[in-house]
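Single-structure report; data block below.
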Amino acid sequence: MPTGGPPQRPTLFIDGSWTGGSAGTVDVHNPFDGSVVTTIDQAGPDDVERAVAAARAAFDTGPWPGTPVAERAALLRRVADLLVRDKEEIARVETLDTGKTLKESRIDVDDVTAVFRYYADLADKDSGRIVDVGMAHVVSRVVPVPVGVCVLITPWNYPLLQLSWKVAPCLAAGNTCVIKPSEVTPLTSVLLVRLLGEAGVPAGVVNLLLGDGRSTGAPLTEHDDVDMVSFTGGLATGQAIIRASAATVKRVAVELGGKNPNVVFADTPVDLAADWAVTGAFLHSGQVCSAGARLIVEDALHDELVDAIAARAERIRLGDGLDPASECGPLVSAAQLAKIEDYVASAQAEGARLVCGGQRPDDPALKDGFFYRPTLFADVTREMRVIREETFGPILTVERFASEDEAVALANDTHYGLAGAVWTGDMARAHRVASALRHGTVWINDYHPYVPGAEWGGIGRSGNGRELGPTGLAEYQELKHVWHNTAPEPAGWFAG
């Protein structure tokens, strides 16, 4: 049956049953106006133990790892069908939870559906390989097997989408899991787990815990019975997870954001460059790990493009994500709003030129929400915090370059390496620059698109491993070598 709006308690899912939490409840607030959307349960230490034990038992003694791949794929397809059925309700809850526009939330649900269908189709494509060992009596096979119990920790900006990138390949590979969404935006994770249950996932295979990183996330990443942690979120938390996982030598895959360059050469039409600059930087109020927050512009186009971007940014319509007229919603929380205000103050103190924005909107209808105007800085230097750190908000900085080599050097002058773009009509130059950029995804004359079949991930402090594509499935598999001697004889190694 359809989801029926924001989830109601109980909201933890352990060993096939919905249950309350041992750490009380919390309210979830709409970032548009601070109103309470719903109340959810919070997991405590006992819940962590129960969820991990359920996932461990389901993997070690349950049927799921040995379930034929075709049956696992069929479950993923059923989930995709249920997502289509409940698209409007799920999208609405995603907007209530994150503040993003309903238009974007609908796209997210479509993308999540595509991810489940992609991994359903991919699941049975790799049955391993035969290794020719030069012996007629030996069959040598390398086969993929599931990793085991996986902890899936997702971020607050794209909670539904990022969960699909993890749980679909995790289940396709035959693993069991414990899901821990961000405590800021947990609601569509509850809805997706309900659909997994409706689709027939066996008890213990999928478990859902709600809570913060300290009380819920950390015990999961440190747990002896967890084999893998997949995390998407901030750098500091990712580093802590890597350290915590080291004691038990868990497999860890992390995507930790980026400081993404958008390189524009002077042969790009100014209106086109301005349109994609604001799209790259201000979609979802800049709360996107691949946001094009660093615009790097050739000198001849710089001044005209800065003016064009400022004019466009000033016209972006802020508002309630459920209002079709809104082009951009609020920031996700008061804490994120305070962080953006701090970055703006820091940039101005360090000498950056504020071109537009730089403050909350003065519209009385937005006073109760976490809104901040799209903000543009010029005359920035590489030493400024606003250039070096991931701001994760509606802040766009503009740097300038005189040569192709300088553009590449600026674009690569970051500890991160998640995504970037190059704009030019010269295709030879476009591919030279794309090849030189040390970023996991590079767009040429475009920004933001991704597809389930192409890997996504970063270089440097943007993380390790890859999601999506065939490699996104391989992240949840181990390779086992099976050697079969079909005509065994005595070894004769020892004479006695």
Salt bridge or not between [X] and [Y]? Use side-chain N to carboxylate O under 4.0 Å.
X: Glu255; Y: Arg466; answer: no
X: Glu198; Y: Arg85; answer: yes
X: Arg388; Y: Asp413; answer: yes

So, taking the atom named [atom1] in [X] and the one named [atom2] in [Y], what distance separates them when rounded to the nearest 0.5 Å?
X: Leu187; Y: Leu210; atom1: CG; atom2: CG; answer: 8.5 Å
X: Ile395; Y: Ile387; atom1: CD1; atom2: CD1; answer: 10.5 Å
X: Phe370; Y: His29; atom1: CZ; atom2: NE2; answer: 8.0 Å
X: Ser189; Y: Glu94; atom1: OG; atom2: CD; answer: 8.0 Å
X: Thr391; Y: Leu396; atom1: OG1; atom2: CG; answer: 9.5 Å
X: Lys100; Y: Cys328; atom1: NZ; atom2: SG; answer: 11.5 Å

Give the minimum heavy-atom separation between [X] and [Y], together with the two atoms involved.
X: Asn207; Y: Ala55; value: ND2-CB, 3.7 Å
X: His439; Y: Gly420; value: CB-N, 4.3 Å
X: Gly472; Y: Pro169; value: O-CB, 3.5 Å
X: Ile340; Y: Gly393; value: CD1-CA, 3.5 Å
X: Val178; Y: Ala51; value: CG2-O, 3.8 Å
X: Leu220; Y: Lys250; value: O-CE, 4.4 Å

Enumerate the residue pairs fulfilling salt bridge (charged side-chain N to carboxylate O under 4.0 Å, His left out) with a member in [range], sequence neighbours excluded, ordered by first and then second residue.
range: residues 204-218; result: Asp212-Arg214
range: residues 9-32; result: Arg9-Asp41
range: residues 478-495; result: Arg251-Glu478
range: residues 173-193; result: Lys180-Glu183

Task: Heavy atoms from other residues, nucleotides or ligands near CZ of Arg92 exceed 12 (cutoff 6.0 Å) - done: no
Test item: [X] and [Y] side chains (from C-beta on) under 4.5 Å apart, heavy atoms:
X: Tyr450; Y: Asp111; answer: yes
X: Leu195; Y: Ile90; answer: yes
X: Asp86; Y: Leu191; answer: no
X: Val48; Y: Thr216; answer: yes

TODO: Could you tell me which residues satisfy side-chain contact (heavy atoms from CB on, under 4.5 Å) with Ala168, sequence neighbours excluded, listed by chain and number?
DONE: Val115, Phe116, Tyr119
Task: side-chain contact (heavy atoms from CB on, under 4.5 Å) partners of Ala419, counting only residues at least two apart - done: Asn260, Ser290, Thr441, Trp443, Trp456
Donor-acceptor pair, distance only, cut-off 3.5 Å: does the side chain of [X] make one with the backbone of [Y]?
X: Thr221; Y: Ala218; value: yes
X: Asn464; Y: Val254; value: yes
X: Arg78; Y: Ala199; value: yes
X: Asp320; Y: Asp33; value: no
X: Gln477; Y: Glu475; value: no
X: Ser285; Y: Gly329; value: yes
X: Thr38; Y: Pro7; value: yes

- [ ] Assign the ring pair Phe32 / Phe371 to parallel, tilted or perpendicular, where the plane angle (0 to 90°) is split at 30° and 60°.
- [x] perpendicular
TODO: Take Val263 and Val408, measure what side-chain contact (heavy atoms from CB on, under 4.5 Å) needs, and give me the verdict at the end.
DONE: CA-CA 8 Å; Val263 179; Val408 170; over 6 Å; no
TODO: Determine, step by step, whether His431 and Ile444 satisfy the side-chain contact (heavy atoms from CB on, under 4.5 Å) criterion, reporting the C-alpha distance in whole Å, the side-chain angles of both residues, the deciding distance to 0.1 Å, and the verdict.
DONE: CA-CA 8 Å; His431 286 279; Ile444 295 175; 3.7 Å; yes
Open item on the list: By the side-chain hydrogen bond (donor to acceptor under 3.5 Å, both in side chains) test, which pairs, at least two apart or in different chains, include something from residues 48-60?
Closed with: Asp47-Arg50, Glu49-His223, Arg56-Asp60, Arg56-Asp227
Open item on the list: Per the side-chain hydrogen bond (donor to acceptor under 3.5 Å, both in side chains) rule, what does the pair list look like for residues 129-151, sequence neighbours excluded?
Closed with: Ser140-His481
Task: Donor-acceptor side-chain pairing of Tyr372 and Gln336 below 3.5 angstrom - done: no
Task: Check: Ser105/Thr95 side-chain N/O donor and acceptor closer than 3.5 Å - done: yes
Name the atoms and distances for all side-chain donor-acceptor pairs under 3.5 Å in residues 63-77, with sequence neighbours left out.
from	atom 1	to	atom 2	distance (Å)
Trp64	NE1	Asn175	O	3.2
Thr67	OG1	Pro63	O	2.9
Thr67	OG1	Trp64	O	3.3
Arg72	NE	Ala172	O	3.0
Arg72	NH1	Pro65	O	3.4
Arg72	NH1	Thr67	O	2.8
Arg72	NH2	Ala172	O	3.1
Arg77	NH2	Ala120	O	3.4
Arg77	NH2	Asp121	OD1	2.8

Using residues 149-165 as the side-chain source, report each donor-acceptor pair under 3.5 Å to any protein atom, sequence neighbours left out, with the distance given to one decimal.
from	atom 1	to	atom 2	distance (Å)
Asn157	ND2	Gln287	O	3.1
Tyr158	OH	Glu104	OE2	2.4
Ser164	OG	Leu161	O	2.6

Can you give the donor-acceptor pairs under 3.5 Å from side chains of residues 229-247 to other protein atoms, not counting sequence neighbours?
from	atom 1	to	atom 2	distance (Å)
Ser230	OG	Lys166	NZ	2.9
Ser230	OG	Tyr476	OH	3.3
Thr232	OG1	Lys166	NZ	2.8
Ser245	OG	Ile241	O	2.9

Open item on the list: Apply side-chain contact (heavy atoms from CB on, under 4.5 Å) to residues Val79 and Leu171 and explain how you reach the verdict.
Closed with: CA-CA 12 Å; Val79 173; Leu171 296 179; over 6 Å; no
Task: Pairing residues for Phe13 by the ring-ring contact (aromatic ring centres under 6.0 Å, His included) criterion, not counting sequence neighbours - done: Trp18
TODO: Take Lys87 and Val112 through the side-chain contact (heavy atoms from CB on, under 4.5 Å) test and state the conclusion after the steps.
DONE: CA-CA 10 Å; Lys87 173 181 173 178; Val112 169; over 6 Å; no
